[in-house]
*Asks:* 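One structure, pasted below without further comment.
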Amino acid sequence: MPTEWKLFADLAERAGDKQVTVDASAGDTVDDALSELVADRPAVGDRVLTDDGDLRSQINVMRNGTNVLVEEDGLETVLEEGDELALFPPVSGG
Amino acid sequence: MHVLGILGRGVDETTLDGVVDRAVDELAQDGRVGVIRYDATIADGTHETLTIGGDVTYGLGADGDWTATGTGLSVQDAIDQLATNCDYGVVVGVPSLQRRYPTLIVGSDADTDRAESNDRAHSLDHAQNTLATIDSPTDLDTLALTTALESTEPHRTLESLVSEVKHSPQAPRAGAIATFTGRVRQKDTEDDTPTEYLEFEKYEGVADERMAALESELEAREGVFAVELYHRTGVVEDGEDIVFVVVLAGHREEAFRTVEDGINRLKDEVPLFKKEVTIEDEFWVHEQSKSHHE
């Protein structure tokens, strides 16, 4: 079962698409889905990961509208079937 | 209020009028409908019979029925005025509005109005804002017009939000309304490169959920009775309003405090992304390098 990433702002521009389906399914972690996402898209990886491969501090990751870094187990959060993941830079409304 | 533009593309006036009548009838089943017709032949002096002097004249009758004539009203002014007491606003014959509002195209003569879509941002929005393309009034039978329109972004103004909170069941206990309006700033300093427009991208679904949750949280405060948050998406041009926060409260202290917290939290928490387009450059605001500030 594939998982869908939604990308916003410059991240979507770097990926060339606002939606990317990756090969990660229930039981895998958010980190697995992120690795799949950046594997073929180095421009996205450069933007969201540090040289050590950690997520940059200003990048947000949501799972079904919930911030996994604040309210769940971060990148170790385990995926459930049909999850929608989102990756975005700092929000800038107003 | 939801705004519906209607534009004719190479069809006769009878067909266009038929579509407008039918659309208005359909929307009227679910709410109050305002109609704005653009007609360039309306000009000084052509409506003398109604005007008895004054720049604006209201003729008032029984039960609040009225007619009006006047000068100096733009299409956007008219839409904004309808927004305080109509559920739907139908605007006929104003191609430039397709940038901003869902539009019903009648006929398929693609060359008409092409001149409107010259620049990059506007041509993009143009395509997105076509609700449907139809040929005749009967085509509306198969189009769930009201449902389709309801699924689009509503049009709200500061006045319409203020009017909404005044109708709160708790309004009798409220002695204060405080508001915040965020608008497009053309320049930070006198010699700053002028901003042409901002373009907001929204995390569809999640942004609205977050704003609704923020409203409920603020409304749960002691002495706060109603909170309305509204943020535009898409292209917002220089000088236009972007965001409103409206708070109905018992007293001014909690009204002011809640307005400030409301806009701060909206800016920190709601997944909205701002691209700034100046006459020289375009960039996502969060990526803005130091040089843009200097």
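FYI, side chains are in, hydrogens and waters are out, and symmetry mates aren't considered; it's all heavy atoms of this structure.
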*Asks:* Ignoring hydrogens, what is the shortest heavy-atom contact between B:Val206 and A:Met62? Give both atom names and the distance.
*Replies:*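 Distance-wise, the nearest heavy atoms are CG1-SD, 3.8 Å.
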
*Asks:* How many angstroms lie between CZ in B:Phe283 and CG in A:Asp10, if you round to the nearest 0.5 Å?
*Replies:*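 The CZ atom of B:Phe283 sits 13.0 Å away from the CG atom of A:Asp10.
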
*Asks:* How far apart are the closest heavy atoms of A:Gly65 and B:Arg210, and which atoms are they?
*Replies:*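 Closest heavy-atom pair between A:Gly65 and B:Arg210: O-NH2, 2.8 Å.
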
*Asks:* Take A:Lys18 and B:Glu201 through the test side-chain contact (heavy atoms from CB on, under 4.5 Å) and record every step on the way to the result.
*Replies:* CA-CA 11 Å; A:Lys18 293 180 174 192; B:Glu201 186 184 354; 3.9 Å; yes

*Asks:* Look at the aromatic rings of B:Tyr203 and A:Phe8 and report parallel, tilted or perpendicular, splitting at 30° and 60°.
*Replies:*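 If you compare the ring of B:Tyr203 with that of A:Phe8, the planes turn out tilted.
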
*Asks:* Which one wins on heavy-atom pair count under 4.5 Å against chain A: B:Lys267, B:Arg232, B:Arg183, B:Glu209?
*Replies:*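 Of the options given, most contacts go to B:Lys267.
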
*Asks:* Please find the pair of heavy atoms, one from B:Val270 and one from A:Val91, that lie closest to each other, and give the distance.
*Replies:*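 Heavy-atom minimum between the residues: O-CB, 3.4 Å.
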
*Asks:* Tell me, for A:Leu7 versus chain B, whether the close heavy atoms (under 4.5 Å) come from the side chain, the backbone, both or neither.
*Replies:*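 A:Leu7 touches chain B through backbone heavy atoms alone.
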
*Asks:* Would one find more than 12 heavy atoms of other residues, nucleotides or ligands at under 6.0 Å from atom CG of A:Asp23?
*Replies:*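 Not buried by this count: 12 neighbours or fewer within 6.0 Å.
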
*Asks:* Above 12 or not: heavy atoms from other molecules or residues under 6.0 Å from CZ of A:Arg56?
*Replies:*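 Yes, the 6.0 Å shell around CZ holds more than 12 heavy atoms from other groups.
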
*Asks:* So, do B:Trp284 and A:Ser92 sit near enough that their side-chain heavy atoms are less than 4.5 Å apart?
*Replies:*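 When only atoms from C-beta onward are counted, A:Ser92 and B:Trp284 do not touch, as no gap falls below 4.5 Å.
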
*Asks:* Where along residues 240-262 of chain B does a heavy atom come under 4.5 Å of chain A, listed by residue number?
*Replies:*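 B:Ile242, B:Val243 fall under the 4.5 Å cut-off.
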
*Asks:* Mind ranking A:Gln58, A:Lys6, A:Glu13 by heavy-atom pairs under 4.5 Å with chain B and telling me who comes out on top?
*Replies:*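 Between A:Gln58, A:Lys6, A:Glu13, the count favours A:Glu13.
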
*Asks:* Which atom pair, heavy atoms only, marks the closest approach of B:Phe200 to A:Gly94?
*Replies:*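 Taking B:Phe200 first and A:Gly94 second, the nearest heavy atoms are CZ-O, 3.6 Å.
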
